[in-house]
Amino acid sequence: MDAQIGLLLLAAGVAGGIINALAGGATLITFPAMLAAGLPAVIANASNAVAISPGHLIAALADRAKLPPPTRRTISFIAAATLGGAVGAGVLLLLPERLFVLPVPGLIAFATLLFAFAPQIQNRTIARRDAAALPSTFASSAVLGLACVYGGFFGAGLGVILTAVLSITEPNDIRAVKALKNLLATCVSLAATLIFIVQGAVRWPETAVMLVGAMVGGYAGGYLIRILPAHIVRRFVIVAGAVMTVIYAARYWF
């Protein structure tokens, strides 16, 4: 890894950490940076997942007062998230490289659209929750598990999906929903990254550089959140996601 690649990954990590702290959506910056560093797509995805994984845990601990008690329902959700993350990671590693790169532009586009319409999605799901009966623990866990399979496989936009599902299934205030979302995302991330590490799918020099940047960016984001409007960051992430979609569509589809 030369100095230019190192600086690219460090800068992407810092930007991703700031973006996650302010609005979420770091993967739309950090995953393309791993690809630009020359890593194969599957290795880039696994390495990126490891590099940004501490952010989920930090977010969960930051609002631990709102974390739910260890009820049977909560434990079922944690088990579903952990299993889903492990299954998604396993599917990623079993796929031939050529079968993963084909949907990459579509995955980035999907995550960008989810991020762009996250407020509308969450508002609609909250309204539906208020008008509907609470789903059973089994049904809620099944839906969450499917979402977490996607999270272990790719992960971008998982926070939006989990928030939308939890807004329907859980009769809590939105802050409690966000806290539970961060806990479940942590479970997905830990399960997936453990499999990636055990299977040797992580390129450690690039991962370590991005991880340092993400930690610095997360700390900086905690300060910037007080002075930088979140909507500016959201617009930047949406534009970056759209640009990356076009770039990787041209690379893998044409």
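Residues I195 and V42 share a single hydrophobic cluster, defined by chaining ILVMFWY side chains whose heavy atoms lie under 4.5 Å apart. When hydrophobic clusters are built by joining Ile, Leu, Val, Met, Phe, Trp and Tyr residues whose side-chain heavy atoms come closer than 4.5 Å, directly or via intermediates, F117 is grouped together with L114. Using a 4.5 Å cut-off between side-chain heavy atoms of Ile, Leu, Val, Met, Phe, Trp and Tyr, with links allowed through other members, F77 and V165 fall into the same hydrophobic cluster. Taking hydrophobic clusters as Ile, Leu, Val, Met, Phe, Trp and Tyr residues chained together by side-chain heavy-atom distances below 4.5 Å, L194 does not share a cluster with V91. The hydrophobic cluster containing V149 also contains L83, counting ILVMFWY residues as joined when their side-chain heavy atoms lie under 4.5 angstrom apart, directly or transitively.
L184 CG to I78 CD1: the interatomic distance, rounded to the nearest 0.5 Å, is 6.5 Å. With rounding to the nearest 0.5 angstrom, the CG atom of L183 is 10.5 Å from the CG atom of L162. Atoms CG and CG, on L28 and L107 in that order, are 11.0 Å from each other to the nearest 0.5 Å. To the nearest 0.5 angstrom, L67 atom CG is 8.0 Å from L180 atom CG. With values rounded to the nearest 0.5 angstrom, F153 atom CZ is found 14.0 Å from L158 atom CG. To the nearest 0.5 Å, atom CD1 of residue I161 and atom CZ of residue F110 are 4.5 Å apart.
Between the side chain of E97 and the main chain of A41, a donor-acceptor pair closer than 3.5 Å is present. In this structure, T74 contributes its side chain and P70 its backbone to no donor-acceptor pair below 3.5 Å. S53 places no side-chain N or O within 3.5 Å of a backbone atom of S189 that could act as its donor or acceptor partner. Between the side chain of Y150 and the backbone N or O of A156, at least one donor-acceptor pair lies under 3.5 Å. Under a 3.5 Å cut-off, the side chain of S47 and the backbone N or O of A44 do not form any donor-acceptor pair.
Residue pairs meeting the side chain to side chain donor-acceptor pair (under 3.5 Å) criterion with at least one partner in residues 25-46, sequence neighbours excluded, are T30-N48.
Considering every non-hydrogen atom in both L102 and P105, the closest pair reads O-CD, 3.5 Å. Smallest separation of non-hydrogen atoms from V188 and A81: CG2-O, 3.5 Å. Heavy-atom minimum distance, A37 versus I5: CB-CG2, 3.6 Å. Summarising the geometry of A214 relative to A51, their closest heavy-atom pair is CB-O, 4.0 Å, with the distance given to 0.1 Å. Considering all non-hydrogen atoms of both residues, A191 and G85 come closest at CB-C, 4.3 Å. Residues A220 and I18 approach most closely at CB-CG1, 4.3 Å, considering heavy atoms.
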Taking it one step at a time, do L35 and M244 satisfy side chain to side chain contact (heavy atoms under 4.5 Å, CB included)?
-> CA-CA 11 Å; L35 291 175; M244 294 302 169; over 6 Å; no
Apply the test side chain to side chain contact (heavy atoms under 4.5 Å, CB included) to residues V104 and F154: give CA-CA distance (whole Å), side-chain angles for both, the deciding distance (0.1 Å), then the verdict.
-> CA-CA 9 Å; V104 161; F154 187 59; 5.6 Å; no
Using the side chain to side chain contact (heavy atoms under 4.5 Å, CB included) rule, take L144 and L166 through it: C-alpha gap first, then chi angles, then the decisive distance, then the call.
-> CA-CA 8 Å; L144 283 169; L166 291 172; 4.0 Å; yes
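A donor-acceptor contact closer than 3.5 angstrom is absent between the side chains of R73 and S141.
Taking 4.5 Å as the limit, some side-chain heavy atom of F236 sits within range of a side-chain heavy atom of I29. Side chains of Y248 and V101 form no contact here, defined as non-hydrogen atoms less than 4.5 Å apart. When side chains are defined from C-beta on, I43 does not count as touching V202, because their heavy atoms never get closer than 4.5 Å. In this structure, the side chains of W204 and I197 come closer than 4.5 Å at one or more pairs of heavy atoms. Side-chain contact between M210 and V50 is absent, with no heavy atoms from C-beta onward closer than 4.5 Å.
For Y252 and F100, the gap between ring centers reaches or exceeds 6.0 Å.
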